[in-house]
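The block underneath contains the structure these notes are about, expressed in structure tokens.
Every chain is numbered from 1 and lettered A, B, ... according to where its sequence line falls, protein lines coming before strand lines. Reckoned from all heavy atoms, side chains included, excluding hydrogens, waters and symmetry mates.
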Amino acid sequence: MAQEAVGRLPRETLSRWKREQAMLKALVVDRNTEAWQQDPAFAGLQRVGGVDVSFVKGDSAGACASLVVLSYPELEVVYEECRMVSLTAPYLSGFLAFREVPFLVDAVRRLQEKQPSLMPQVLLVDGNGVLHHRGFGVACHLGVLTDLPCVGVAKKLLQVDGLENNALHKDKIRLLRARGDAFPLRGRSGAILGVALKSHDHSTKPLYVSVGHKISLEAAVRLTRSCCRFRIPEPVRQADIRSRDYIRRTLGGPGPLCSGLRAGPGPGAL
DNA sequence: GCGACAG
DNA sequence: ATCTTGTCGC
């Protein structure tokens, strides 16, 4: 299925990607580096960012990359940028960053140019951090390249290092009762790779939170929890909503501009 | 051959 | 990720 993409990749690309991940992994800081991260109320935290990439349905390359910044603790959007991009790398489990991260780094750079005062103090990233095949997921990758604290927030368990979405795991999920309940994800190696977090009182599926860069797992989980009005943390949710909306307005909206570009022959065509 | 496969 | 409407529940 998805791994068919492996065959369409230049011979040496995969090993180059692995080398790059190994190099950059050495630069990851998996502990708190900012004063607000230690504070029980996150005093001093004012801006939380969220990033996401949404796709054009029929197209494997067309996508919209978005970066939003929310005020904290109000969680109101104070900055938004959506941009159509053309993806080049295919999606490969374990190499998500090579597909999406260049565009997210660009978005952060443009924010730095346009509104440096709105630079987020931390980014919530759709995907994993150190909970990854080689301990270097997209949240680590984006963190190292931007030097921003980053948190990985995945919606599904990436089954690595002995972690399995098996009956035992599902039982642990059932034991999560209220928002904030969580359990650690300990890899076969013994290391705690992340936390399964119930982010909403009425959500069945937990969030899988892991360290991206410049934040401890404890602070990452507490921050994620405090950013959740619904299951998905508001910064990521807003980035997702707005990027999909942007695609809809750009390619799906009614009007003469798009009528000739829609799928299939229109009325009157042979 | 079988299962796994963030987004 | 995306394909997809209504529907059941709080």
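Between the side chains of A/Tyr246 and A/Ser54, no donor-acceptor pair of N or O atoms lies under 3.5 Å.
Between A/Lys57 and C/dA1, a side-chain N or O to OP1/OP2 separation shorter than 4.0 Å is absent. Within the 4.0 Å cut-off from OP1 or OP2 of C/dA1, at least one side-chain nitrogen or oxygen of A/Lys155 is found. In this model, the phosphate group of C/dT2 is approached by a side-chain N or O of A/Arg244 to a distance below 4.0 Å at OP1 or OP2.
An aromatic stack links A/Tyr91 and the base of B/dG7, using centre distance under 5.5 Å and interplanar angle under 30°.
In this structure, A/Leu157 places its CG atom 12 Å from P of B/dA4, rounding to the nearest Å. Between A/Leu92 atom CG and C/dA1 atom P there is a gap of 17 Å when expressed in whole angstrom units. As a whole-Å value, the separation of A/Phe98 CZ from B/dG7 P is 18 Å. Distance A/Phe230 CZ to C/dC10 P: 17 Å, rounded to the nearest Å.
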**Item:** Which nucleotides of DNA chain C pair, in dot-bracket form (Watson-Crick or G-U under 3.5 Å, | meaning another strand)
**Value:** ..........
**Request:** State the dot-bracket string of DNA chain B. Criteria: Watson-Crick or G-U wobble, both atom distances under 3.5 angstrom; notation: ( ) intrastrand, [ ] crossing earlier pairs, | interstrand, . unpaired.
**Result:** .......
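With C/dC3, B/dA6, B/dG7 as the candidates, the nucleotide lying closest to the side chain of A/Glu100 is B/dG7. Checking B/dA6, C/dA1, B/dA4 against every side-chain atom of A/Phe55, the shortest atom distance belongs to C/dA1. Which of B/dA6, C/dT2, B/dC5 sits closest to the side chain of A/Gln159 comes down to B/dC5.
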**Asked** A/Ser216 and A/Asn32: side chain to side chain donor-acceptor pair (under 3.5 Å), yes or no, with the steps?
**Response** CA-CA 5 Å; A/Ser216 67; A/Asn32 291 337; 3.0 Å; yes
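Separating the CG atom in A/Leu185 from the NE2 atom in A/His169 is a distance of 6.5 Å, to the nearest 0.5 Å.
Residue A/Asp126 is in sugar-phosphate contact alone, with no base atom involved, counting any heavy-atom pair closer than 4.0 Å across all strands shown.
Residues A/Val56 and A/Met84 are in side-chain contact: their nearest non-hydrogen atoms beyond the backbone lie under 4.5 Å apart.
Judged by the 6.0 Å distance and 45° axis criteria, A/Arg83 is not positioned over the aromatic ring of A/Phe103.
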